[in-house]
There are 2 protein chains.
Amino acid sequence: MAREATPGGLDLLVLHLLSEREMYGYEIVTELASRSNAVFQMKEGTLYPLLHRLEKEGAVTAYEEKKEGRTRRYYRITRKGRGRLAQQREEWREYAAAVNAVLCMPG
Amino acid sequence: MAREATPGGLDLLVLHLLSEREMYGYEIVTELASRSNAVFQMKEGTLYPLLHRLEKEGAVTAYEEKKEGRTRRYYRITRKGRGRLAQQREEWREYAAAVNAVLCMPG
DNA sequence: ATATGATACATCGTAATACAAGGTTTGTCA
DNA sequence: TGACAAACCTTGTATTACGATGTATCATAT
C-alpha cells in the first residue's frame, strides 16, 4: 500500500509524547503502556534504534542528565520533528478513516 | 509492539471484502481503491503472495473460472477465515483506540 | 492492421520494521 | 548479599509491502 500509510509508524506515537514534554527512553516505554491501557508494550529493542534514527534525522535532539541517581538520556522534539508529527498525525487520521470505510465501521 | 496489533495486516481488509462476496485478485485491488477513496492502492506484488498465503493457511479457497472472456481466480472465505476476520477486526478496533488514546484524539 | 492500454495472473529481490535475545551498569530493598 | 527494577545498548531474524519485471488476453484507438 502507500508506504506513508503504514501506521505501524511508531514515530507518530513517540513524537507525540515528546511534543508534550521531554522524556527519556525507558519513560517512553512505560508511558505508552499506561496511556494505551497496556495495548502498546514497546520493546527496548524497538525503541532505542528508533530514537537514534529520529536523532540522526534531526527530528529530536538528546542530552544526558543525572537525575535521581540515574543517568538518563532525555529527548526533545525539534521544529522539524513537529512538522513531521503534524504530517504523520494527518496520515494516521486518513488511514484509520480508510480502514473504517472498507470495513463499513463507524469512525 | 504487540505483533497482533500490527494493523498493517492487509489480511483484515482482504478477508472483509471476501466475507461480503467472492472476488478475484484484480477485483480486490480496484475495490479497495474505490472504497478507500484511493487511500489504499495495493500493489499486485503485495496482493497475490498474500492470497496464496491465505489459501495455504486455509483462510480462503480458490477456483478458476472463465468469465467475460477472462480467466479469473476467484477466492472464497472459509469458516476458519471468518474466525480470523472477527479476531483481526477486534484487534484493529483495539489498536485504533489505543493510538487515539495516546494522541488524545477522539475516536 | 497495429499499437496501446487495461485486465489478470505471477515471481523475485529488496528495504523497512519490530522483535527476540542477549548484554552492561547502577540503584533499591529484603 | 542477592535479586530485581531501572536504564541504556546491539545484533540477528522474520515479516511485510513494494518495485521491477514477465506473461497473456482483450478492447480501443489510430
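First the proteins, then the strands, lettered A, B, ... as listed; each starts at 1.
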Over how many whole Å does the gap from Leu12(A) atom CG to dA18(C) atom P extend?
11 Å

Close side-chain approach of Met42(B) and Val14(B), heavy atoms under 4.5 Å
yes

Please give me the minimum heavy-atom distance between Arg72(A) and Lys67(A), naming the atom from each residue.
NH1-CB, 4.0 Å

Rounded to whole angstroms, how far apart are CG on Leu10(A) and P on dT17(C)?
9 Å

Measure the acute angle between the ring planes of Tyr74(B) and Tyr63(B), then classify it against the limits of 30° and 60° as parallel, tilted or perpendicular.
parallel

Find out whether Arg35(B) and Leu17(B) are in side-chain contact, i.e. whether some heavy atom of one side chain is under 4.5 Å from a heavy atom of the other.
yes

When rounded to whole Å, the CE to P distance for the pair Met42(B) and dT16(D) reads 13 Å

Taking C-beta and beyond as the side chain, do Leu10(A) and Leu47(A) meet within less than 4.5 Å on heavy atoms?
no

5' to 3', nucleotides 3-13 of chain C under a 4.0 Å protein heavy-atom cut-off (B base, S sugar-phosphate only, - none) gives ----BBBBB--

What is the separation between atom CG on Asp11(B) and atom C1' on dT15(D), rounded to the nearest whole Å?
11 Å

Quick one: Glu55(A) CD to dC9(D) C1', roughly how many Å, whole number?
14 Å

Between P of dA18(C) and CZ of Phe40(A), the distance in whole Å:
11 Å

CG of Leu18(B) to CG of Leu54(B): how many Å apart, nearest 0.5 Å?
8.0 Å

Atom-pair distance (NZ on Lys43(A); C1' on dT11(D)), nearest Å:
18 Å

Separation of dC8(D) P from Tyr63(A) OH (nearest whole Å)
12 Å

